[in-house]
Asker: 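This structure is in C-alpha cells; I'll ask about it shortly.
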Amino acid sequence: MQDLIRKAAAALVSISMLAPAFAVSAEKVTGAEDEASQPVTATMKPISSDNDSGKASSSEPFSDIGAEQYEWAAPFIEEMAKKGYITGYDDGTFRPDNDVTRLEGLALFSRAMGSNKEVNKPILEFAHEQYDDMLKNYTLSWGSDEIVYLLYKGALQKSDLDTYLIGAEKNKPMKRYEAAIIITKAMGGEKEATADLGVDLSYSDANTIPSNAIQYVFYATDNGIMKGLEDGSFSPEMSVSRSQMAVMLSRTVDKTGYSFAQVKLEDVDADIRKVFVKDADGNRTSYVYDDNTVVRVMGEDAQMKDIQPGVQAVITLAKNKLVALETISSEPDQTITGTYKSTSSSGGVVSITFIPSGETASKKYECTKDVSVYFEGSPATLRSFTEGAYLTLELVNGKIAVVRGEAKTITVKNATVESLDIDEKATLTISHGDKEYDGQTYVISDNVSVTKNNVKSDLRSIYSGDLVTLTIEYGVIKKIEAVAKIATVEGTIKAITISSSPSITVNVNGKDNVYDVTADVDIKINGEEGKLSDFSVGDTVKITTESNAVKKIVAESVKETSGSAVGVVTGVNTSYKVITIRTDNGNVMQFQCPDSGKSNTAYITHTGTTKKMTDIKAEQSVEVKYSISNGVYVATLVIILSE
C-alpha cells in the first residue's frame, strides 16, 4: 500500500446519497457507544445529488435521534451533520439503525480522503487513467470515482475489490470487523498493524474475530476509533449502522486533521528538508518533509529532487503536517512576452499565436477556459488586440491563464532602476508605483538611445536608483532618459566587496546602506589617489553618490589612525562604554565604544549576525577594528570570534 495513505486520515462523509441499504435486525444493546440499539426494518431512500454535496440536510436536529437509546450517538450525529460530513433524509430523519453496505462504506472513506474535493479533481483524473480498466470487472453503477481514488491512494488493492465489490458482495452490509480493516487502511496504519503479531484483545469474544482481522481490530481499538459493546464483546459479524458510522467519523476527525490545497511550488531545500509553496492568494508557506512524505509527479511516484520549481501541485496535510505533495502540471508556470499575431478557435479551445521576445518564429499557446484578458491595464477581450500588439502571457501548466496587452510602443515614466544586467543580453529591471510595471524586466535594444541628466550617454552610466523614463517598442527598450540623484554623505565602512561588480556598505546615521562602486570611482586618501582595497571595515569615509552608485570616496589618515587587534575580553563597562582586551602577545588594550555622535561602534559575530555591547562577555575572543583620536583607541567594529 502506498505511503500517502499511511499518513492520511479516514473521515466518513455523506451517507444518505448511496443506493438502498439492506434491512437487517440487530440485537438490542442499551448504552453501547457505537452499536445500533433497536431492530429495524426500513429501506434507505436515496437522496438526490443536490443533497449529497457534503452539507447537512438541515440545521435542525434530526427527528428520530432524540430517544434515550440514541443518547450515546446523538451528539456525534449532530456534530458531523453540522460540519457537513453526513446528511439525513427528505423527511428530516436520520434513520440511525439503517445498515451501511460495503460499497457505501468504501465510498464514504474515499470521500473523507478527498475524492469529492474540488482541489483533488486533477488527482482523480490520474486515478481514472490508472484504474478504469481494472474497475470494468466489477459492474459498478455508481461509486467509480471513489473506488479508483482509494486504489490510487493505496487504501485498496485488487484483492480488496474481489472481497468487497465482486458481484452481489458490494451490496451486502459492512460488518464491524470489515470496518476495522478499512479504517486501519485508510488511516495509514496497515503496515504498523500487520507488523504487530502479538496483539492482545480484551474483548470477551476475541476468539470469534476472523484471524485476518485481529490486528486491524486492535489498531482501530487502540486508536480509539472503535469500541466494544456494554457486555465487553466486539461482535465482529454485526452490521455497521449509520449511527455507528457517525460516531466513528467524529472520533476519526478528532484524531486526525486532514486538508488539501492547490499551490505553486517555489523551491525545495534539500539541506533543511523544506518545500516552499505559494497559495492562490500569493501567501508563501514552507513545510518540512521527511522520508515518509509521498511525492508524485503527474501521477507517478517520484522524489523531492524531481520537483521543478514553478509547477502546480496539490498538497495533503494531516494536522498541518505535510504527508503528500503531488504535481498536477507538467510545465513550470512562467511569464513570457512577445508580439501578437492572431487568435484562433478549434473545438471550443481558443489559442493565441505570437512571436516570443528575442525570437523570430511564432508559437501557439492554448488558453484556459477562464482566461483573463487585459489591455493597457483594463479588462478586455482578445478582440482588443491587433497584429503587432505587445503581449505578456502568464502560463499555468503550459496554458495561457492571463493575457496582458499593450500598444506596440509605450512610454513608462517615473520608473526607478532596480538592476541592470549587461553580461549577455542586456536587460533592465524597474520598480514602479503602478503594479502593471512594478518588478518588470525588459530587454534593451542593441541600439538603445541613452541620456543621463540631459547629456547623451550609454548604458555604463545607468545605475541602480536612477529615475528613468523608458520608451518601449514591442517589449524592447529603445530609449532611456535617466536622472541621477547626487548626494554626499559621511559614515563608517561596514563591508567591502571587491569583484567584477564591487560594492561598499557604509553606516550613515545608524543605517547600513549598500552602494555599487563605479568602474571610474575617484578615491582620495590623505589627498592622494587610492584604491578600494586600501580601505578596511571601520574606516570613516566621505562618499559622493549618484543614485545608488559611489562616484567618489574621500578619507583622511586611514592608514595612520586605524588598526585591528585580536584578543580575549578581560572587562566590559557598559556605563562608560569601554571594552578591555588582552591581545595575543600579552598587551592590554582599552577601547572607547561610542553609541552616539558621528561614529558609533558596531558589533557583529564572525558569521555576520548583528549584536550589541551587552552581548560582549569576559573570556570571549574578539577582533576590534579601531581608530585613534587624540591618543585614544576608539572601537569602530567589534567582531565576536567565540561565544
Side-chain angles (χ1 to χ4, degrees), residues 1-12 32-35 100-110 112-113 147 150-166 169-170 172-241 244-245 247-256 258 291-292 294 318-319 321 323-324:
M1 187 170 68
Q2 301 176 39
D3 288 340
L4 174 58
I5 304 309
R6 298 189 182 111
K7 303 294 168 294
L12 309 173
E33 286 193 291
D34 57 357
E35 283 306 321
V100 178
T101 70
R102 287 167 162 177
L103 178 55
E104 289 171 353
L106 291 172
L108 294 174
F109 282 109
S110 179
M113 293 163 60
I147 300 305
L150 288 175
L151 289 165
Y152 177 82
K153 294 294 187 178
L156 288 184
Q157 296 177 350
K158 186 178 183 304
S159 58
D160 295 311
L161 303 188
D162 294 337
T163 298
Y164 300 112
L165 300 180
I166 197 74
E169 296 298 323
K170 66 176 72 69
K172 291 183 178 179
M174 177 174 280
K175 298 179 179 179
R176 282 175 53 76
Y177 80 85
E178 292 173 336
I181 294 174
I182 299 303
I183 287 172
T184 301
K185 289 185 176 184
M187 287 187 67
E190 183 172 38
K191 184 176 180 180
E192 177 185 339
T194 56
D196 191 354
L197 301 178
V199 299
D200 183 17
L201 291 171
S202 59
Y203 296 119
S204 60
D205 58 348
N207 62 336
T208 67
I209 298 173
S211 59
N212 67 320
I214 290 176
Q215 290 147 300
Y216 298 93
V217 172
F218 179 83
Y219 184 89
T221 301
D222 193 50
N223 280 275
I225 308 302
M226 300 185 75
K227 296 181 181 180
L229 307 185
E230 195 173 65
D231 63 1
S233 67
F234 181 75
S235 296
E237 298 291 335
M238 182 178 285
S239 301
V240 177
S241 70
Q244 294 167 10
M245 281 290 192
V247 176
M248 288 188 286
L249 167 60
S250 179
R251 291 170 179 165
T252 302
V253 170
D254 287 344
K255 191 172 183 65
T256 60
Y258 202 57
D291 292 339
N292 293 319
V294 173
K319 286 190 174 179
K321 178 182 178 181
V323 296

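Keep in mind that this is a model prediction, so the values were computed, not measured. Only this structure's heavy atoms are used, side chains among them; waters, hydrogens and symmetry mates stay out.
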Asker: Side chains of Thr101 and Lys170: does their closest heavy-atom pair fall under 4.5 Å?
Answerer: no
Asker: Below 4.5 Å, heavy atoms only, C-beta onward: do Met245 and Met174 meet side chain to side chain?
Answerer: yes
Asker: Within this structure, what is the CG-CD1 distance for the pair Leu150 and Ile182, rounded to the nearest 0.5 Å?
Answerer: 8.0 Å
Asker: Does the side chain of Thr184 reach to within under 4.5 Å of the side chain of Ile225, using non-hydrogen atoms?
Answerer: no
Asker: Give the minimum heavy-atom separation between Arg176 and Ser235, together with the two atoms involved.
Answerer: CD-O, 3.3 Å
Asker: Sequence neighbours left out, what pairs pass ring-ring contact (aromatic ring centres under 6.0 Å, His included) with at least one residue falling in residues 179-214?
Answerer: Tyr203-Phe234
Asker: What residues, two or more places apart in sequence or in another chain, satisfy side chain to side chain donor-acceptor pair (under 3.5 Å) together with Glu237?
Answerer: Lys175
Asker: The criterion is ring-ring contact (aromatic ring centres under 6.0 Å, His included); which residues satisfy it with Tyr164, sequence neighbours excluded?
Answerer: none
Asker: Could you tell me whether the side chain of Ile183 reaches within less than 4.5 Å of the side chain of Asn223, counting heavy atoms only?
Answerer: no
Asker: Could you check if a side-chain atom of Met248 sits within less than 4.5 angstrom of a side-chain atom of Val240, using non-hydrogen atoms only?
Answerer: yes
Asker: Which pair of heavy atoms, one from Ala193 and one from Tyr219, lies closest together, and at what distance?
Answerer: CB-CB, 4.0 Å
Asker: Please enumerate all residues that pass side chain to side chain contact (heavy atoms under 4.5 Å, CB included) together with Glu169, with sequence neighbours excluded.
Answerer: Arg102, Ile166, Lys172
Asker: What side-chain donor-acceptor pairs closer than 3.5 Å can you find for residues 209-218, not counting sequence neighbours?
Answerer:
| unit_1 | atom_1 | unit_2 | atom_2 | d |
| --- | --- | --- | --- | --- |
| Gln215 | NE2 | Thr194 | O | 3.2 |
| Gln215 | NE2 | Asp196 | O | 3.2 |
| Tyr216 | OH | Glu190 | OE2 | 2.8 |

Asker: Within this structure, what is the CZ-CE distance for the pair Arg251 and Met226, rounded to the nearest 0.5 Å?
Answerer: 9.0 Å
Asker: I'd like to know if the side chain of Asp231 reaches the main chain of Ser233, judged simply by a donor and an acceptor atom lying under 3.5 Å from each other, with no hydrogens or angles considered.
Answerer: yes
Asker: With Asp162, which residues qualify under side chain to side chain donor-acceptor pair (under 3.5 Å), at least two apart?
Answerer: Tyr138, Lys158
Asker: How long is the straight-line distance from CD1 of Ile147 back to CG of Leu106, given to the nearest 0.5 Å?
Answerer: 4.5 Å
Asker: If the condition is side chain to side chain contact (heavy atoms under 4.5 Å, CB included), which residues does Thr208 pass it with, not counting sequence neighbours?
Answerer: Asp205, Pro236
Asker: The criterion is side chain to side chain donor-acceptor pair (under 3.5 Å); which residues satisfy it with Asp160, sequence neighbours excluded?
Answerer: Lys185
